[in-house]
Structure formats: structure tokens, C-alpha cells
Amino acid sequence: MTSKTSEKIVVIGSGPAGWSAAIYAARAGLKPLLFEGALSMENQEAGRLPMGQLTTTGYVENYPGFPRGNLRGYMQSAVSSDRLLVVPDEVFERDEIQPGVYGSALMELMRAQAEDFGTRVVSEDVVEVDFATRPFVLRDSNGDETVAETVVVATGASARWLGLPSEERFKNNGVSGCAVCDGALPRFQNRPIVVVGGGDSAVEEALYLTNFASKVMIVHRRDELRASKILAERALRDPQIEILWNRRVEEILGDDENGVTGVRLASASTPAEPTIEREASGVFVAIGRRPNVEFLNGALELDENGCIKRTVPFATNTSVPAVFVAGDVADSRYRQGIIAAGSGACAALDAERFLLEQASDYS
Ligand code: NAP
């Protein structure tokens, strides 16, 4: 069934950028409608489930405002009991020893805060946009249409894959893009695991997987890690982690019955060097992210990195007036939760200013 509503501001996306935009818009009296995305198998396979990338990470240690402390008490008083279920109970056991905030707990707190100020949340994807004339029309995965005077696009980014046929074949049978989601599965317990990549994500996933695996091998195509110093040093010091330098995954080995059983690795620098094989129960791919822009179908201009192009320095304007952008979908440089949250606030302020200017034009 198709329904029509007219909105002052619609936010698309439910990571830190989306919730922050919603909180600012709600407090400005704009009564935002936020599309948080659908909990579908298709989204799971594409690595773009609702609530953003922070839900696929473990503890976030660098988001300001969360020193070591009793998060359980705060979460229980701030978040409704049905939403609390998305945070594993063990997390709270670690409060006293673990500084920071668990990624999905942080996102639930942001969601609760946005709802508290009156944000209405739709658990669907926006699948099509018409930005040709204003007000804009958005169609969602339920077939409903929403009419919007301004839009904030905050759809984030999702995992990139190696592109090997064997990677595709063993997805959900040993190949994963998310250690926090899949690391505790029985198939990985006390068995060797491979992580591919050399950035913060790869190192963080490797450190997390040492909780389950007998050994974690990081396969990196260069001879030094790109990850931040503090994380890189933790990995280099960890006796359970081995780094296989200058290697690339040529093939993920396995069969239909057992899923992944190992990897064949080629030299990334010297093609003539013989390949090596390693036994592994799983391969976690952590080689970066790509912006989630497919649903726009070319409606907004992109930059050379495939991110939505910002058309005004230090502001969140896009190539279409009244469409603003926030977070990793427009950021190939910083890609941090705190930056995304900040840019969400900017986008809401820019949308509010746009609406005020429009109103004064007509007065
Ligand atoms: P990233 O920093 O872009 O690193 C991607 C890694 O994958 C690089 O080491 C890259 O190798 C490698 N790679 C790329 N394509 C590859 C391919 N086809 N085959 C093999 N290796 C490939 O991505 P990220 O680690 O996902 O991090 C993204 C952003 O999020 C960064 O800004 C990061 O700081 C941030 N982040 C922060 C935290 C934290 O602060 N706790 C945690 C996670 C992510 P090269 O090094 O050779 O390019």
C-alpha cells in the first residue's frame, strides 16, 4: 500500500551521522523522520545493517565521554528493555576493566536520545529518490512514498570484498566481513583464523578474534601496517597473532561440507615467489569500506573516491540544493564515529538554515 506524508526533513541512515542529524533537527522543531534501514538478509550480506558500522566493531575507545565506568546502569535507565537485547550481556561484565563504550551500546544510546526528542523512526531502506524537483519524493522498501522538503543523506559505508569467486562461495560458511558478528561461532573456536588487511579494522578484528581462535594470521599486502600506532603495537606484541607480510590471498580453500579450510597466499611483491598454504577455519576480510550510494542512482554528484561530493567548503551541501550529506558516505579522509556525529549536526543546521531562508523568501 502506498501512503503519502510531507516532511520538513528526512534523514536517511542510522549511524552516528544520522542520529546526530535527527537530534539536532528534532531540537530545532523540525520533527525529523529517519529511515534506519531494514533488517534484511540482503543488507546483512552487503554489510549494511541498520545502526551503522560501529555496531560491527567491539569497544570504541576514542569516542569522547565514555571513560571506564558502569555502563550497564546507564544503559538500563536510558534504553528501552527490548532494544537492550542487542547488546551482549558479557559487555557489561567488562565495564570495570574496559575503557570506552561498546559500539552497539553507543548506537542504542544515540537512537534513544533521538527518539526522546521526537524523531520518528522507519525501519525500511530508502530504495529510490527523485531529487529532480522539490519537494523531493523518496520510495522505501515497503513501497511507501515520502515527500520531503529537505533530506540528509547519512547512509555510511559498507565492507569491501576481495572479489575472488572462492570468497563469494564461502560467504557465511567461513568467510565473513565482521568479527564481532561472527567471531563467536563454533566453527572458529580454538582453530586458526585468517584476517585480511592492514588497517585499524583488520588489526581490531584480529585482536578480537584472539578471544576465540587458537591463532590469528593477519595477511597484509605490504611490509608495514596502516593501522594506528596503539593498535599496531598491540597486534605486534600479541603472541596469538602472526603477521604474514607482503602476501595476498590467491584462493580461499575449502569444500561444501566444511566451508573454509585454508588459504593459498601469493607474494604481493614478487610474482615468481612460490605460493604458500595455511590451514584456517575462517577468513575475515577487513580491507576498507565503500560508500553506500547505490540507491541514489546518480541523483547526486560523487567525488573521485565514490563519496557524495560536498559542493560548499566547510558545509554539508551536495550538488542538489536542499539535499545535505553527513558521515562516511561523504568522507574518505577521517572515517571516524565522532567526525560522522559532528557532520550530522552540521547537516541538520544547514537544513534548518535552508528552510528558514526559504520561509523568509516567501514572507
Ligand atoms: P583502511 O584504513 O582503508 O585500510 C584498508 C587496509 O586494507 C589497508 O591496509 C589496505 O592495504 C588493505 N587493502 C585494501 N584493498 C585491499 C585488497 N584488494 N587486498 C588486500 N588488502 C587490501 O580501512 P579500515 O581499516 O577499514 O579503516 C577505515 C577507517 O576507519 C580508517 O580511517 C580507520 O582509522 C577507521 N577505523 C578506526 C578504528 C579505531 O579507531 N578503533 C577502528 C576501525 C576503523 P594498504 O595498507 O596497502 O593500502
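Whatever order the structure lists ligands and atoms in, that order sets their numbers, starting from 1.
Distances from atom 17 (C) of ligand 1 to the heavy atoms of Arg221, Glu204, Arg247, Arg226 put Arg221 nearest. Checking Ser201, Ala159, Gly337, Ala268 against atom 27 (O) of ligand 1, the nearest heavy atom belongs to Ser201. Counting heavy atoms only, Arg335 comes closest to atom 29 (C) of ligand 1 of the residues Arg160, Arg335, Glu224.
Between Arg139 and Asp130, none of the side-chain N atoms (NZ, or NE/NH1/NH2) sits under 4.0 Å from a carboxylate O, so this pair counts as no salt bridge. Salt-bridge annotation for Glu115 and Arg111: present, with a side-chain N of the basic residue lying under 4.0 Å from a carboxylate O of the acidic one.
Among all non-hydrogen protein atoms, the one lying nearest atom 14 (C) of ligand 1 is Ile287 O, 3.4 Å. In terms of protein heavy-atom proximity, atom 9 (O) of ligand 1 is nearest to Gly198 N, 3.0 Å. Given atom 36 (N) of ligand 1, the protein heavy atom at minimum distance is Asp200 CB, 3.7 Å. Scanning the protein for heavy atoms near atom 35 (C) of ligand 1, the closest one is Gln336 NE2, 3.4 Å. In this structure, the protein non-hydrogen atom closest to atom 19 (N) of ligand 1 is Leu162 CD2, 3.7 Å.
Every atom of ligand 1 with a heavy atom of Arg222 under 4.0 Å away is listed here by number and element: 45 (P), 46 (O), 47 (O). Applying the 4.0 Å criterion to heavy atoms of Asn62 picks out, from ligand 1, the atoms 40 (O). Residue Gly288 has at least one heavy-atom neighbour below 4.0 Å for each of these atoms of ligand 1: 5 (C), 23 (O), 26 (O). Below 4.0 Å from some heavy atom of Tyr334 lie the following atoms of ligand 1, by number and element: 32 (O).
Proximity of Ser281 to Ile193: side-chain heavy atoms (C-beta onward) are separated by under 4.5 Å at one or more points. Taking the side chain as every heavy atom from C-beta outward, Leu302 and Ile308 approach each other to under 4.5 Å.
Minimum interatomic distance between Leu209 and Phe284 (heavy atoms only, all atoms of both residues): CD1-CD1, 3.6 Å.
Using a 4.0 angstrom heavy-atom cutoff, Arg333 does not count as in contact with ligand 1. Heavy atoms of Gln53 come nearer than 4.0 angstrom to ligand 1 in no pair at all.
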* Asked: Does the pair Arg247 and Glu273 meet the rule for a salt bridge (charged side-chain N to carboxylate O under 4.0 Å, His left out), with working shown?
  -> CA-CA 10 Å; Arg247 288 280 165 186; Glu273 212 175 289; 2.9 Å; yes
* Could you walk me through whether Gln76 and Leu84 pass the side-chain contact (heavy atoms from CB on, under 4.5 Å) check? -> CA-CA 7 Å; Gln76 281 175 342; Leu84 264 182; 3.8 Å; yes
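Under 4.0 angstrom from ligand 1, there are no non-hydrogen atoms of Glu61.
The ring pair (Phe, Tyr, Trp, His ring centres under 6.0 Å) analysis of residues 310-348, with sequence neighbours excluded, yields no pairs.
In this structure, a donor-acceptor pair under 3.5 Å is present between the side chains of Asp200 and Ser228.
Arg226 is linked by a salt bridge (Lys or Arg N to Asp or Glu O under 4.0 Å) to nothing, counting only residues two or more places apart in sequence or in another chain.
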